[in-house]
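Accompanying notes for the structure given below.
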There are 2 protein chains.
Amino acid sequence: MQTRRRLLEAACRVFAEKGFHAARVADICRRARTNVAAVNYHFGGKAALYVEAWRHAFSLAKPSVAQIPEDWPPEKRLRAFVEDLLRNLLDTEANRPFSRLYLMELIHPTGLVTHLWRELIEPRRRVLLRILADLLHTDPDDPRVLLCDLSVIGQCRAPYLMQTADLEYLLRSPLSPHMVRRLVDHITRFSLAGIRGMAAETAQERSPGGLSRPPSTGPFSGQDP
Amino acid sequence: MQTRRRLLEAACRVFAEKGFHAARVADICRRARTNVAAVNYHFGGKAALYVEAWRHAFSLAKPSVAQIPEDWPPEKRLRAFVEDLLRNLLDTEANRPFSRLYLMELIHPTGLVTHLWRELIEPRRRVLLRILADLLHTDPDDPRVLLCDLSVIGQCRAPYLMQTADLEYLLRSPLSPHMVRRLVDHITRFSLAGIRGMAAETAQERSPGGLSRPPSTGPFSGQDP
DNA sequence: GAGAATTTGAAACAGGCATTTAAGGTTGTC
DNA sequence: GACAACCTTAAATGCCTGTTTCAAATTCTC
């Protein structure tokens with residue numbers, strides 16, 4: 001139905017902006033130009049709407065990373081990956097749903113989408129680990145790959161951490177498509193240089209201790225719905 | 001008074017963990033082993049307690065970055081800066097207040113601490129810009145410095161984005177002092193290599209357009225208290 | 001076009017939570 | 001030891017917000 005789709009899109013935007021807890025059902029309904037009862041009619045409640053909004057956001061975003069050709073050189077694949085993560089930065093109208101939705105769930109775990117994690121997020125991460133392993137001429141379980149993963153992801157998420165106005169303040173420049181391209185370019189080059197620096201280092205001092213334990217619990221362990 | 005201090009410390013931890021909005025006054029009081037009315041008696045309300053908690057957290061954290069000797073080589077200063085940002089990662093008992101408090105305010109601006117921004121945060125950022133400018137053999141207004149700033153800060157904040165358990169899952173290793181040291185080491189080296197990569201690049205293709213406008217509004221522009 | 005099912009609208013409901021209130025207890029002072 | 005200032009406690013208040021309710025309206029079926 002029309003209303004249902006409008007609600008989903010509004011929900012993506014509001015949940016992405018505020019997070020599950022701080023998002024107001026009334027806000028979502030105002031943006032969707034509908035009544036609050038519609039949420040409970042179509043979805044059964046705020047929590048269920050949240051889960052559906054996740055699915056909706058991912059249904060728009062998912063294919064791209066998975067479609068990076070595996071025979072591209074790893075440098076090119078890294079750029080494509082970064083580009084994909086930063087794609088949602090603009091679209092202030094359409095929404096910047098996926099990247100920030102995910103970020104919000106990381107910060108305030110609701111426990112509502114744990115089952116979507118392995119289905120939707122883990123495969124993406126595995127793509128990046130593969131790229132990094134290729135760049136470092138090692139395998140994806142190498143501790144250095146995990147650290148580089150954190151570095152790349154951290155850089156890509158940084159712009160989503162703040163309001164657009166604050167990002168523009170930091171960069172001293174309005175957030176245009178051109179600016180996003182420049183960000184992609186920077187993060188890719190910066191990371192490639194960082195990775196090559198690691199590859200050049202002697203591996204001896206980072207071999208023993210620390211980074212070697214198998215995963216214990218799982219992600220999204222917390223919950224406060 | 002005793003109670004006042006216990007409240008401040010509990011507030012730091014709870015606000016840092018949940019953010020202003022999601023934090024419950026009752027939670028804070030339970031941790032401080034006091035009654036909910038104490039918050040309103042000693043501080044006048046949740047909002048005022050939040051501001052005082054910020055001040056308290058910063059009073060513990062502030063000196064270090066400011067005390068990095070300016071005559072150290074920039075590589076050494078960068079390491080000291082990163083180390084300072086990651087210091088709060090442990091201290092699960094004492095609290096990991098500053099870094100995550102700040103992060104929460106970035107993500108959900110409350111508008112309650114805008115006045116503390118210039119006083120507390122801007123100076124820290126200027127220290128980093130100076131370091132990066134020295135490393136790039138340029139001045140702190142160079143657009144490349146701003147991009148590197150985003151990269152370094154993004155990497156340093158990444159560990160604070162998630163619950164400890166999730167970070168340990170990503171790193172496949174428990175979060176020990178040793179692990180934190182390794183993180184500091186990695187981020188410093190990775191960034192130094194990235195920065196040197198940028199410095200080596202031809203400056204021509206990143207000179208015109210984009211990154212050149214003076215700050216328009218200010219940070220923490222939003223508010224939803 | 002009549003009747004039935006589905007969807008929407010406005011208002012009432014209920015629970016959670018910050019804040020207030022007023023009484024009781026503690027500490028310091030003369 | 002009495003008084004006063006300060007602090008703590010438990011219960012009450014009132015607001016905000018997700019959910020429910022039920023009537024009105026729309027859409028679908030025959």
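Each chain gets a letter, A, B and so on, in the order its sequence line appears, and its residues count up from 1.
- For the pair Glu105(A) (side chain) and Thr110(A) (backbone), a donor-acceptor distance under 3.5 Å is present.
- In this structure, NZ of Lys18(B) is placed 17 Å from C1' of dA18(C), rounded to the nearest angstrom.
- For dG9(C), the OP1/OP2 oxygens have a side-chain nitrogen or oxygen of Thr34(A) closer than 4.0 Å.
- Taking atom CZ on Arg4(B) and atom C1' on dT8(D), their separation rounds to 16 Å, with Å as the unit.
- Nearest nucleotide to the Thr3(A) side chain, out of dT7(C), dG18(D), dT8(D): dT7(C).
- What separates CZ of Arg30(B) from C1' of dG16(C) is a distance of 13 Å, to the nearest Å.
- Remark: of the listed residues Gln163(B), Met162(B), Arg100(B), Arg100(B) is the sole one forming a side-chain contact (heavy atoms from CB on, under 4.5 Å) with Ile107(A).
- Residue contacts shown for Ala23(A) are limited to sugar-phosphate atoms, with no base heavy atom under 4.0 Å away.
- Under the 4.5 Å side-chain criterion, counting only non-hydrogen atoms from C-beta, Val152(B) is not in contact with Ile131(B).
- The residue Ala37(B) sits close to a base: some heavy atom pair falls under 4.0 Å.
- Put simply, Arg24(A) has no side-chain N or O that comes within less than 4.0 Å of OP1 or OP2 on dC16(D).
- Between Arg33(A) atom CZ and dT7(C) atom P there is a gap of 19 Å when expressed in whole angstrom units.
- Ion pairing of Arg31(A) with Glu17(A) is present here, as a side-chain N (NZ or NE/NH1/NH2) and a carboxylate O approach within less than 4.0 Å.
- Between His42(B) and dC6(D) there is no side-chain N or O to OP1 or OP2 distance below 4.0 Å.
- At the phosphate of dT8(D), neither OP1 nor OP2 sits under 4.0 Å from any side-chain N or O atom of Asn35(B).
- When each of dA11(C), dT19(C), dC7(D) is scored by its nearest atom to the side-chain atoms of Val36(B), the top-ranked nucleotide is dT19(C).
- With rounding to whole Å, Phe43(A) atom CZ is found 16 Å from dG18(D) atom P.
- Checked against a 6.0 Å centroid threshold, the rings of His108(B) and His21(A) do not count as neighbours.
- In this structure, CG of Asp27(B) is placed 8 Å from P of dC17(C), rounded to the nearest angstrom.
- Rounded to a whole Å, the CG atom of Asn40(B) is 16 Å from the P atom of dG14(D).
- The nearest whole Å value for the distance from the OH atom in Tyr41(A) to the P atom in dT27(D) is 14 Å.
- Side-chain atoms of Lys46(A) lie closest to dT19(D) of the nucleotides dT8(C), dT19(D), dT20(C).
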